[in-house]
Undergrad: 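Sharing a structure, written as structure tokens. Questions coming.
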Amino acid sequence: MQIVILDGYTLNPNEISLKGLEELGQLTVYDRTPPELVLERMSNCQIVITNKTIINRETIEKCPDVKYIGVLATGYNIVDTVAAKENGIVVTNVPAYSTNSVAQLVFSLLLEICHNVGAHNAAVKHGDWVNCPDFYFSVAPLIELSGKTIGIIGFGQIGQSIARIASAFGLNVLAYNGGRKKIDEDGTFKYAGLEELYQNSDIITLHAPLNNDTQGLICAESIGKMKQGVILINTSRGGLIVEADLREALDLGKVFAAACDVVSLEPMKADNPLLHAKNIYITPHIGWATLEARLRLIDVAVSNLKSFVDGNPVNVVNQ
């Protein structure tokens, strides 16, 4: 059985054993696969594994040997799952592997906005404290979280983890989960519609999948419904935000600050409107990438493939 990983470098720059996959077939790993080489590298394989390399309908229809596509992520919009199903290909994802890591990043970003630790550290090392006549100085406003309201859009495993941490900080939590299955309110959060969430949240954090319903969810219209000075965090998918609209809201002060671990096109392009926006913090899609999370990711990916080979596929996203 021929197995190919189309873009293995981000998962494993040389830290993680791929023995589990090697035991299941003849494994070929490419660090990266440009669009013009996807078809060639998939054409003689039965098993294809991808993280962010796009597999579209045209490619799927030209690769009759492919029986399985494993996505090394929770989101799977990079694969045409409808075309895969029509061609008898099972597509799986890896749910919940990065929950703790992403939740940790959300609060890293939020606390950076609230305390500007990096800027204060830089100022001290620049000599500003040594030359200060007072025991204290600040280079930016300092914000206390307790008593404020955080709105969580998308209330799956990550959203629920955010709620638990937020509650420990003394934040009031509003949760929106669209039409997805809801868990019972337990005193640490309450459900709200989008309108209520927009109007009442001091902080909004995005954890929704990218689909037709959520594409451009955060735009001029929805931002207009938010509080003056809202803080916005996106560690989900860049396409949830109309980036030009967020840039304008940041520059005008409607949005006090934003933090994005994801953007619409990755790697980020030089003309992305957020790159030079006022009071924005941008990290290069690192939420998923702690070593612990990547070890969990490969363990589940191997388990997914073993289950498929045994005739009992799990984590299938195109049933």
Side-chain angles (χ1 to χ4, degrees), residues 74-75 77 102-103 106-107 109-110 113-114 143-264 273-274 277-281:
T74 301
N77 54 293
V102 173
V106 168
F107 280 89
L109 294 169
L110 180 55
I113 290 170
C114 291
I143 301 169
E144 183 175 285
L145 290 175
S146 182
K148 292 184 170 57
T149 297
I150 186 169
I152 303 171
I153 298 178
F155 207 57
Q157 293 292 325
I158 294 174
Q160 292 166 34
S161 181
I162 297 296
R164 291 190 292 270
I165 298 170
S167 180
F169 271 99
L171 285 156
N172 304 308
V173 180
L174 298 178
Y176 173 79
N177 210 31
R180 303 177 71 186
K181 183 179 179 180
K182 294 182 178 181
I183 63 170
D184 293 335
E185 293 180 3
D186 62 2
T188 63
F189 72 94
K190 80 179 193 75
Y191 285 109
L194 277 178
E195 299 288 324
E196 180 185 354
L197 187 147
Y198 289 149
Q199 292 169 11
N200 292 287
S201 296
D202 301 291
I203 304 144
I204 295 175
T205 181
L206 306 180
H207 303 285
L210 180 61
N211 54 41
N212 291 336
D213 294 329
T214 60
Q215 180 82 37
L217 180 69
I218 304 303
C219 59
E221 180 181 1
S222 56
I223 292 170
K225 298 173 183 178
M226 297 176 191
K227 282 187 174 184
Q228 180 70 26
V230 66
I231 294 170
L232 183 65
I233 299 173
N234 186 17
T235 57
S236 184
R237 288 290 183 266
L240 297 176
I241 295 176
V242 178
E243 291 166 335
D245 291 356
L246 177 56
R247 164 71 182 264
E248 182 177 8
L250 282 162
D251 289 348
L252 293 174
K254 171 67 176 183
V255 176
F256 169 72
C260 295
D261 188 46
V262 290
V263 292
S264 56
L274 294 180
K278 179 181 176 182
N279 212 20
I280 191 164
Y281 300 76

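Heavy atoms only: backbone and side chains are in, while hydrogens, waters and symmetry mates are out. Sequence positions, counted from 1, serve as the residue numbers for this chain.
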Undergrad: May I have all residue pairs that pass side chain to side chain donor-acceptor pair (under 3.5 Å) and include part of residues 149-175, sequence neighbours excluded?
TA: none

Undergrad: Are Phe107 and Thr205 packed together at the side-chain level, in the sense that at least one heavy-atom pair is separated by less than 4.5 angstrom?
TA: no

Undergrad: I need the Glu144 CD to Leu171 CG distance, nearest 0.5 Å.
TA: 10.0 Å

Undergrad: I need the Asn234 CG to Ile153 CD1 distance, nearest 0.5 Å.
TA: 9.5 Å

Undergrad: For a 4.5 angstrom cut-off between non-hydrogen side-chain atoms, does Tyr198 reach Ile204?
TA: yes

Undergrad: At their closest point, which heavy atom of Gly154 faces which heavy atom of Asn177, and how far apart are they?
TA: C-OD1, 3.7 Å

Undergrad: For Lys227 versus Asp202, what's the shortest heavy-atom pair and its separation?
TA: NZ-OD1, 2.9 Å

Undergrad: Just wondering, more than 12 heavy atoms not from Glu185 lying within 6.0 Å of its CD?
TA: yes

Undergrad: Tell me the closest heavy-atom pair linking Tyr176 and Ala192, and the distance in Å.
TA: CD1-O, 3.4 Å

Undergrad: Could you state the interatomic distance from OG (Ser222) to CG (Leu232), rounded to the nearest 0.5 Å?
TA: 8.5 Å

Undergrad: How many angstroms lie between atom CD1 of Ile223 and atom CG of Leu252, to the nearest 0.5 angstrom?
TA: 10.5 Å

Undergrad: Below 4.5 Å, heavy atoms only, C-beta onward: do Thr214 and Arg237 meet side chain to side chain?
TA: no

Undergrad: Looking at Glu196 and Leu174, what are the two nearest heavy atoms and their distance?
TA: O-CD1, 4.2 Å

Undergrad: Counting only N and O atoms by type, is there a donor-acceptor contact under 3.5 Å from the side chain of Thr235 to the main-chain atoms of Val106?
TA: no

Undergrad: For the residue pair Lys254 and Gln228, establish whether any side-chain heavy-atom pair is separated by less than 4.5 Å.
TA: yes

Undergrad: At what distance, to the nearest 0.5 angstrom, does CG of Leu246 lie from CD1 of Ile280?
TA: 5.5 Å

Undergrad: Over all heavy atoms of both residues, which pair between Ile113 and Ala259 is shortest? Give the atoms and the distance, please.
TA: CD1-CB, 4.0 Å

Undergrad: Hey, what do you get for CG (Leu274) to OG (Ser264), rounding to the nearest 0.5 Å?
TA: 8.0 Å

Undergrad: Can you tell me if Lys278 has over 12 outside heavy atoms packed within less than 6.0 Å of its NZ?
TA: no

Undergrad: For residues Glu243 and Gly238, report the shortest heavy-atom separation together with the two atoms involved.
TA: OE2-O, 4.4 Å

Undergrad: Per the side chain to side chain contact (heavy atoms under 4.5 Å, CB included) rule, which among Ile183, Ile162, Ile150 passes with Phe189?
TA: Ile183

